[in-house]
Structure formats: C-alpha cells, structure tokens
Amino acid sequence: MKTLIIYYSFTSNNELLARDIQEKLDCDMARIEEEKKRTGFTIFMDIFFKRKPRIKQLHVFLNDYDNFIFIAPIWAGKIASPLRSFLVLEKDNISRYSFITICGGVPGQKEKITGELTKLVRKSPQNVTELWINDLLPKEKKDTVKYTTAYRIKQADLDAFNHEVYEFLKESEALEYHQ
Ligand SMILES: Cc1cc2nc3c(=O)[nH]c(=O)nc-3n(C[C@H](O)[C@H](O)[C@H](O)COP(=O)(O)O)c2cc1C
C-alpha cells in the first residue's frame, strides 16, 4: 500500500501544505507543472473559457501507488485548472484518492468541489478538506477576497491547521498505510 502526493501550486500556499504532508507521511510526491507560464490573467481566461491547460508529463508511474492525495488551490469555486487537466488525463490510473486545499474559504464550496472531483475522476473521493485562509485572518480582514487571495501561508499557519491535516490524513487512510 503506497501513497503518492500530487500537487499544483501557483503562489506557494499549497506547495507548503504539500511539503508539510510529505514530511508527515514520508511518502513520494510529484508537482504538476504547466507547459506555459501562468499569470493572474490566464487564471481568469481558464475560468472564463473552461480551459484545461497543457501540463508536463510527471515522471512517476501511477500504477505503483494505490492511494493518492491531491493538493491544489481553488479558483472561482473550482479546482485549479492544471490539476483538472491532470485528473482528466489520468483518471483511469487513479484508484483511492483524497483532496485537500488551502483556499480562501467560501461556505458551501466543499460540496461543489466533491462533485467536481467525482465527475472528473469518475469515482468519489475518500475525503475532501478545505483549510480556509479566512480562518487565519483578523476580524477586520475576514470575508474579503482582496485579503484572502493575497495571503501567503507561513509555518505558523500550518501549525494552526495541524489538527485538520491529521484528521484529513486519518480519513484518507494515508496514516494507516504509512504505519
Ligand atoms: C483568481 C483567483 C480566484 C480564487 N477563487 C477562490 C474561490 O473561489 N474560493 C476560494 O476558497 N479561494 C479562492 N481563491 C484563493 C486561493 O484558492 C488561495 O489564495 C490559495 O491558497 C492559493 O494557492 P497557491 O498559493 O498554492 O497557488 C482564489 C484565488 C485566485 C487568485
């Protein structure tokens, strides 16, 4: 039984989370990279035109693993498009999987993400967890897109999310496999 972390991150928040989880599990990890340079503008273009950007081939053999942890930001209520591209390409090679994200935080979003994943991979995730930047912000900055999107995660923030991350790992069964 082997877990593989596959992540995409544009501004490093989800990369820090991926590294934190990789350290906890001591498992393999792969980063999704795009063929073209990503900009804030192309995020909106992908959202508007529902584009799936071209991604570089990962140098891992997915069939060596039977538990996947996907990590990526949420853009406009959807999983960031580079991970969407990956899931569509590789759905037949994905067995058990879970998804975790550091995102701004919007009520009701988790159900939509779960539905989106199920549609893309054609099977339901074991677990979907959102870690909300909104929960880290002081009162006067909460619920404001300007502050949630500009926020960059620090180690202390990961410490604050530690309990939720462990709950996620338990439910994704990655911890059991690891032991
Ligand atoms: C264009 C854009 C749209 C976003 N839309 C959402 C959203 O709908 N819901 C949400 O919770 N967070 C949203 N976010 C916040 C990101 O998910 C958050 O900043 C994330 O931590 C960025 O991850 P990264 O640093 O790994 O790229 C959005 C960010 C950007 C830039």
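Quick note: numbers below take in every heavy atom, side chains included, and nothing from hydrogens, waters or symmetry partners. Whatever order the structure lists ligands and atoms in, that order sets their numbers, starting from 1.
- Judged by distance alone, with hydrogens and angles left aside, the side-chain atoms of Lys142 form a donor-acceptor pair with the main-chain N or O of Asn134 at under 3.5 Å.
- By the criterion of a heavy-atom distance under 4.0 Å, both the backbone and the side chain of Asn14 are placed next to ligand 1.
- The option with the heavy atom closest to atom 29 (C) of ligand 1, from among Asn13, Leu17, Thr149, is Thr149.
- Distances below 4.0 Å separate heavy atoms of Ile43 from the following atoms of ligand 1: 1 (C).
- The existence of a salt bridge linking Arg19 and Glu15 is confirmed by a sub-4.0 Å separation between a basic side-chain nitrogen and an acidic carboxylate oxygen.
- Here Gln109 has side-chain heavy atoms under 4.0 Å from ligand 1, and that is the only part of it that gets that close.
- Only the backbone of Ala76 comes within 4.0 Å of ligand 1, counting heavy atoms alone; no side-chain atom from C-beta on gets that close.
- Here Ala80 has no heavy atoms under 4.0 Å from ligand 1, in either its backbone or its side chain.
- Looking at Phe10, Phe44, Tyr151, it is Phe10 that brings a heavy atom closest to atom 27 (O) of ligand 1.
- Environment of CD in Gln57: sparse, with no more than 12 heavy atoms of neighbouring residues, nucleotides or ligands closer than 6.0 Å.
- Not a single heavy atom of Tyr8 lies less than 4.0 angstrom from ligand 1.
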For Asn14 and Tyr8, run side chain to side chain donor-acceptor pair (under 3.5 Å): C-alpha distance rounded to whole Å, both residues' side-chain angles, the deciding distance at 0.1 Å, then the answer. CA-CA 7 Å; Asn14 285 281; Tyr8 170 78; over 6 Å; no

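- Taking only nitrogen or oxygen atoms, main chain and side chain alike, Ile74 reaches within less than 3.5 Å of ligand 1.
- No donor-acceptor pair under 3.5 Å is formed between the side chain of Asn63 and the backbone N or O of Ile94.
- Applying the 4.0 Å criterion to heavy atoms of Ser9 picks out, from ligand 1, the atoms 24 (P), 25 (O), 26 (O), 27 (O).
- Salt bridge status for Asp46 with Arg38: present, with a side-chain N to carboxylate O gap under 4.0 Å.
- Contact annotation: the side chain of Glu164 approaches that of Leu131 to within less than 4.5 Å [non-hydrogen atoms, C-beta and beyond].
- In terms of modelled atom types and a separation under 3.5 Å, the side chain of Tyr97 and the main chain of Lys123 share a donor-acceptor contact.
- Of all atoms in ligand 1, listed by their number and element, those nearer than 4.0 Å to a heavy atom of Cys103 are 10 (C), 11 (O), 12 (N), 17 (O).
- Between the side chain of Asp26 and the backbone N or O of Glu23, no donor-acceptor pair lies under 3.5 Å.
- Between the CD atom of Gln109 and the CD atom of Glu130 there is a distance of 4.5 Å, given to the nearest 0.5 Å.
- With ligand atoms numbered from 1 in the order given, ligand 1 contributes 22 (C), 24 (P), 25 (O), 27 (O) to contacts under 4.0 Å with heavy atoms of Thr11.
- Not a single heavy atom of Asn134 sits less than 4.0 Å from an atom of ligand 1.
- Close contacts of ligand 1 with Gly77, meaning ligand atoms under 4.0 Å from a residue heavy atom, involve 7 (C), 8 (O).
- Residue contacts with ligand 1, taken as heavy atom pairs separated by less than 4.0 Å, do not involve Val145 at all.
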